[in-house]
Protein chains: 2
Amino acid sequence: MATMTDVARRAGVSVSTVSYVLTGTRPISEATREKVHAAMAELGYQPNAMARGLASRRSNIIGLLLPLTGRGLGATETAFVTGATEAAREAGYHLMLCSVGTDDADELQTLATQRLLDGFLVMEVQLEDRRVELLRELAAQFVLIGRTAEPAGLACVDIDFEQTVDDAVAHLVGLGHRIIAYVNHSEASLAGGYGPAKRTAAAFEAALERHGITGVMVPSEDTASGGRRAIGTARELCPRLTGVLVMNENAALGILAELREAALDVPWDVSVVSMVTSAAVADLASPALTAMTSPGAAVGAAATRVLLRRLADGDTSTYQELLPCVLEVRGTTAESRRNKKK
Amino acid sequence: MATMTDVARRAGVSVSTVSYVLTGTRPISEATREKVHAAMAELGYQPNAMARGLASRRSNIIGLLLPLTGRGLGATETAFVTGATEAAREAGYHLMLCSVGTDDADELQTLATQRLLDGFLVMEVQLEDRRVELLRELAAQFVLIGRTAEPAGLACVDIDFEQTVDDAVAHLVGLGHRIIAYVNHSEASLAGGYGPAKRTAAAFEAALERHGITGVMVPSEDTASGGRRAIGTARELCPRLTGVLVMNENAALGILAELREAALDVPWDVSVVSMVTSAAVADLASPALTAMTSPGAAVGAAATRVLLRRLADGDTSTYQELLPCVLEVRGTTAESRRNKKK
DNA sequence: ATGAAAGCGCTAACAG
DNA sequence: CTGTTAGCGCTTTCAT
């Protein structure tokens, strides 16, 4: 393995000169730059990442805090990761996967104190998130993919859940639906203060009121059978409902199956809109799900770019960016039949 | 940030002593060990990862080579990652996510030469994989999650696709099915030499022959609509088929939808077995998919442990480990009706 | 525009 | 069982 000293000797210059052509931190004459580049090429030189990191106090690695639960990742989360990885690589950064949830605060403490990572991307953010407090105390650079209850002073990039719920409800109302159920994330998520669950719940309430229509929110496990149970509960509560909003991809499929078995036709008897859903999952259903398509990769990439800019600047001011999901009408929504009869 | 020198001073010992209590590389008296630990605690000391890496020539980071295509990861791939992350962390290692496919050879070259990573876990292995040759040339430590065409001399952990196909076919044959279609990965995967696609194709042929039954293999895109088209093609080719094997989770759901629309009852008219499928996805379907459940997390964890052992040993011998998928009978398979009539 | 040299914080001989 | 010390390979003053 060739070192910088080897390159310097070969090019007939000093090590510092080689270093400077590499980092571009000071002007170098064209002639020596070429000599150095030639020497590096001949030796197949590649800078040693650890040495560089030690001397410069920067690893060029950012940590992705993503609790891996064993239940797997949804398409949206995967897209966050993909977008972040891509954006990091374009900037010459690497991404380290750290399975660190709100409860693993001391592990994060270790991670952040080791000086292995330049900054953090925090996923699966809770409304009250221990990781955020900790990172703040440690004066670490970080950007949230998601938001806490009180995001003032923080940097975060998130899906605009309020807007997404508004748009989804508006779509259903526009089709004449006046009794709408919202199948949210699980009871546990709600209780745990998971941001998307809480925010959409509030936005749903507000939307109902604004449009002067009625509805219920029902929590559901993120499984097909959870969705089945949830729609059952919803129909008990509101027997005449014609519109359903689902937060949860797996539950959405369960709901379609349950409605079919109840001999209710989708979209004509009941219309269903799935939220924060990828096109791939939407097409899994039959009919294909009308969905609010999540800007997953864009969110991941945006968060990464914000973090990298801060690492460069040393900037630490508040930054908020909300990206809306966009409505894609497919086969599960239509004009309310009940509406037509009138 | 406290350094080791600070700790040494505080504990009244030399830096090397501190280093040795940390690494456990040489015997230390109980008394000094305690003094050192106390000093570390008081100072909130945390070793600097870069400095340690530079001096020891080990980063304690392993690279996970996983081409992120933007199409997202299936449940099985996600489970590989989860299992690997978990196993790495238990051993005090970190995992770096590197979106490096067969075509990004020079990027891998850079990565491997930077001395940032101690070893590699290679995912999405092709039968002919440039990354494998390269890693070998560079004398890097690596373990494949998957296999190349000629895995002799390599370390790999993989799903036992041959066994899985055998078991799936045996299940269908045991239920009386004698005309079976196999909906494989896409044409492109087959052409690209994607291991699972090729291996299962061969195993399927062999199984047909062994049981003396007939069938066809049809490639399919990994989408619901792809599955629909594939089953259509299969039924044209074999109108009397009663059994279907599907490699591909999304396609499996498409197949169920298509069969339902063709007024064919699953499982009674046609039985369907999904392969290398997670329980979560299997439950998404209705009826729930009978599936060969993939040992995803176990594979990821096993591969990681093998790699870590090699990093410790310097071992570089051949190592192969194949984990079978296990049959879980749910709602999409049953005794062949055609069989009963006879 | 270039060089010399002092670290960065730790590990691992080497020397007791 | 413990201390001294020479690097690991690079960045970055300070000189020139």
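This is a predicted model, so every value here is computed, not measured. First the proteins, then the strands, lettered A, B, ... as listed; each starts at 1.
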Counting heavy atoms not belonging to A/Glu128, are there more than 12 under 6.0 Å from its CD?
-> no

Mind running a 4.0 Å heavy-atom check of residues 18-29 of chain A against DNA chain D and sending the residues that fall below it, in number order?
-> A/Ser19, A/Tyr20, A/Thr23, A/Arg26

Separation between NE2 (B/His94) and CG (B/Leu64), nearest 0.5 Å, reads 15.0 Å

Mark yes or no: B/Arg131 above the aromatic ring of B/Phe120, with NZ or CZ under 6.0 Å from the six-membered ring centre and no more than 45 degrees from the axis.
-> no

Divergence of helical axes at both termini of the helix from C/dA1-D/dT16 to C/dG16-D/dC1 - five pairs an end, 10° steps | 30°

Closest nucleotide of DNA chain D for B/Ser56 versus for B/Ala31: which of these residues is on the 5' side?
-> B/Ala31

Just by distance, do the side chain of A/Thr102 and the backbone of A/Asp129 share a donor-acceptor pair under 3.5 Å?
-> no

Does B/Arg115 CZ have over 12 foreign heavy atoms under 6.0 Å away?
-> no

Where each residue is assigned the nucleotide of DNA chain C containing its nearest heavy atom, which of B/Ala2 and A/Gly12 is assigned the position nearer the 5′ end?
-> A/Gly12

With B/Arg58 via salt bridge (charged side-chain N to carboxylate O under 4.0 Å, His left out) - residues at least two apart = B/Asp118

Does the side chain of B/Ile159 reach to within under 4.5 Å of the side chain of B/Val299, using non-hydrogen atoms?
-> yes

With nearest nucleotides of DNA chain D determined for B/Arg57 and B/Val15 from heavy-atom distances, which residue corresponds to the more 5′ nucleotide?
-> B/Val15

Quick one: does B/Gln109's side chain have a donor or acceptor within less than 3.5 Å of a partner on B/Leu134's backbone?
-> no

When all nucleic acid strands are considered with a 4.0 Å heavy-atom cut-off, which category describes A/Ser16: base, sugar-phosphate, or nothing?
-> base

Should the pair B/Arg130-B/Glu133 be classified as a salt bridge under the 4.0 Å nitrogen-to-oxygen rule?
-> yes

5' to 3' contact window, DNA chain D with chain B (heavy-atom distance under 4.0 Å) = D/dC1 to D/dG9

Under 6.0 Å from the six-membered ring centre of B/Tyr45 and within 45° of its axis: does the NZ or CZ of B/Arg10 meet both?
-> no

Side-chain heavy-atom pair B/Ser19, B/Leu22 within 4.5 angstrom cut-off | no

Any donor-acceptor N/O pair, A/Glu124 side chain to A/Leu65 backbone, under 3.5 Å = no

Could you give the start and end, 5' to 3', of the contact zone on DNA chain C for chain B, using atoms under 4.0 Å from its heavy atoms?
-> C/dG9 to C/dC14

Taking only residues two or more places apart in sequence, or in another chain, which ones meet B/Arg89 in a salt bridge (charged side-chain N to carboxylate O under 4.0 Å, His left out)?
-> A/Glu107, B/Glu86

